[in-house]
Amino acid sequence: MGSHSPEQAECLSVAIIGGGLCGLALAVALKQRNIVFKVYEARSSFTELGAGINIGPNTLDAFRLIDDGLGEAYLDMAARNPPDRQDVWFDVRLGAAIDGHGDGERVASLMASPTGSMCVGRDALLQLLAERAGLVDGIGRERAAFNKKLVGLEGTAGGVTMSFEDGTFERASVVIACDGIHSAVRRLMIDPESPAATPGFSQAGVYRAMLPFQKLETVLEAQMARTSQIFPGPSGYLIMYPVSETTMNVGLWVWRRGTWPHREWVLPNQRSAMEQNLQDWGATVRSIMDLVPDPPFYAGHYYHTQPKSHWKGRVCLIGDAAHAMPPHAGSGAGQAMEDAYVMAEVLSSAAEFDPTEARVAAALSAYEAVRRPRYERVVAASVKGMHDWSDLYDVPVTEQRLKDWVELAKNRFDFIWKHDLAGDASGAQASMRQNAVPSII
Ligand SMILES: Cc1cc2nc3c(=O)[nH]c(=O)nc-3n(C[C@H](O)[C@H](O)[C@H](O)COP(=O)(O)OP(=O)(O)OC[C@H]3O[C@@H](n4cnc5c(N)ncnc54)[C@H](O)[C@@H]3O)c2cc1C
């Protein structure tokens, strides 16, 4: 990790737009590297809505590379599978009976050694990151500004001027957009009429619920009620994983072909629609979802089209702003953490000198060259994931079909879990040195 004295680093100032998981992970990484930054968040505080976030071994590596203590702090708070099953990512069980195999039967355990499934509540993770970025109290509060919704960007000599909805302006030498799937920066960077400017419907969505283990134990045996599981079923799949010592996050993903007709992405009170979806499923999944009286339905969206580049001038998109993906590989936040680490490393190299436009461009271009092929492969696997998890029952399930399906599932995400992220960062730094204008070296 490159580290700078605060005097040297003052030349480069980084504006982080958006204080979600990605923005705050970048803040931690920049703080560790003594790079000046400020987070601009549209909301009035750092808050995450929604349930738990499940991460794999690659994300734990990213946490450790961002900040030595962050990985251990995450491990301390993460909910995991029961002690004898901790390297299991998910058990796979049948969502409906087939010839020779009963409904709910375990047909495979997908491994993600050494950590298996690790999960925390979204808000708990966000608070951990805010704390480690030094943004919670004292002087660090000056590095965070709330109610700051970015609405405009303008390149000016030596930097970028940002304008906010409240009529104020601020300047920085680099702007890193971590403003999520509805990214304003993305729309400012590329033609707002282009299909790449807005996310599209994934043709699938999820009925979501948080269920206490105690409640689940009324329909499942105790170990099963506490272990992460996926049930492939007719035209969908059920996923469940522990998010705390007491609670399971449960989601029933189903296809919803066609365009999404509503303005909102979340529809409340979807019991009767869910019952229709569950018609051909077996008793195990039906009994789990019977515990959810009136679930909301969340319509999955992602960027179907990408612009030629994710950076322009002194501005770069990272996290969901660059590569929002459906969660079928459980990897959106993980990729955001990887982005934050590599971005901090290239900015750390750029911070050794005056942040001229050419040096910033060299850093952002080196970042994109190593990160984009990786996250685009993860996006493709995530999109395909909905098909992979839900296509088992599309044709009659023979013994051979089940065997082939399980074999494919076992290693599908190895490339996500096992990755040399530190190698990516040093590769980006090397390419900055090679390709940059001579004055950068
Ligand atoms: C149903 C579901 C389940 C998921 N499960 C997983 C999982 O198990 N594992 C996993 O790794 N990933 C998962 N993901 C993906 C993960 O949630 C995202 O990839 C991650 O939250 C992206 O973080 P982000 O910081 O880039 O964006 P966000 O979390 O969206 O944060 C963006 C921030 O920017 C702020 N903002 C927006 N506009 C502006 C503006 N104009 N000015 C200033 N601030 C602004 C917002 O208020 C927000 O705080 C899941 C996603 C969904 C939808």
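Atoms within a ligand are numbered from 1 in the order they appear, just like the ligands themselves.
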- [ ] Just grab all the side chain to side chain donor-acceptor pair (under 3.5 Å) pairs involving residues 184-194, residues at least two apart or on different chains.
- [x] Arg186-Gln306
- [ ] Report, as yes or no, whether the 6.0 Å neighbourhood of atom CD on Glu154 holds more than 12 heavy atoms from other residues, nucleotides or ligands.
- [x] no
Open item on the list: Atom CD of residue position Glu245 - does it have more than 12 heavy atoms of other residues, nucleotides or ligands inside 6.0 Å?
Closed with: no
- [ ] For ligand 1, would you mind listing the residues that have at least one heavy atom less than 4.0 Å away, ordered by chain and number?
- [x] Ile17, Gly18, Gly19, Gly20, Leu21, Cys22, Tyr40, Glu41, Ala42, Arg43, Glu48, Ile53, Asn54, Arg122, Lys148, Lys149, Leu150, Cys178, Asp179, Gly180, Ala184, Arg208, Tyr241, Tyr298, Gly319, Asp320, Pro327, Gly330, Ser331, Gly332, Ala333, Gly334
TODO: Would you please name every residue forming a salt bridge (Lys or Arg N to Asp or Glu O under 4.0 Å) with Asp424, sequence neighbours left out?
DONE: none
Task: Contacts of type salt bridge (Lys or Arg N to Asp or Glu O under 4.0 Å), residue Arg208, not counting sequence neighbours - done: none
Task: Within 45° cone and under 6.0 Å: Lys148 NZ/CZ vs Phe164 ring - done: yes
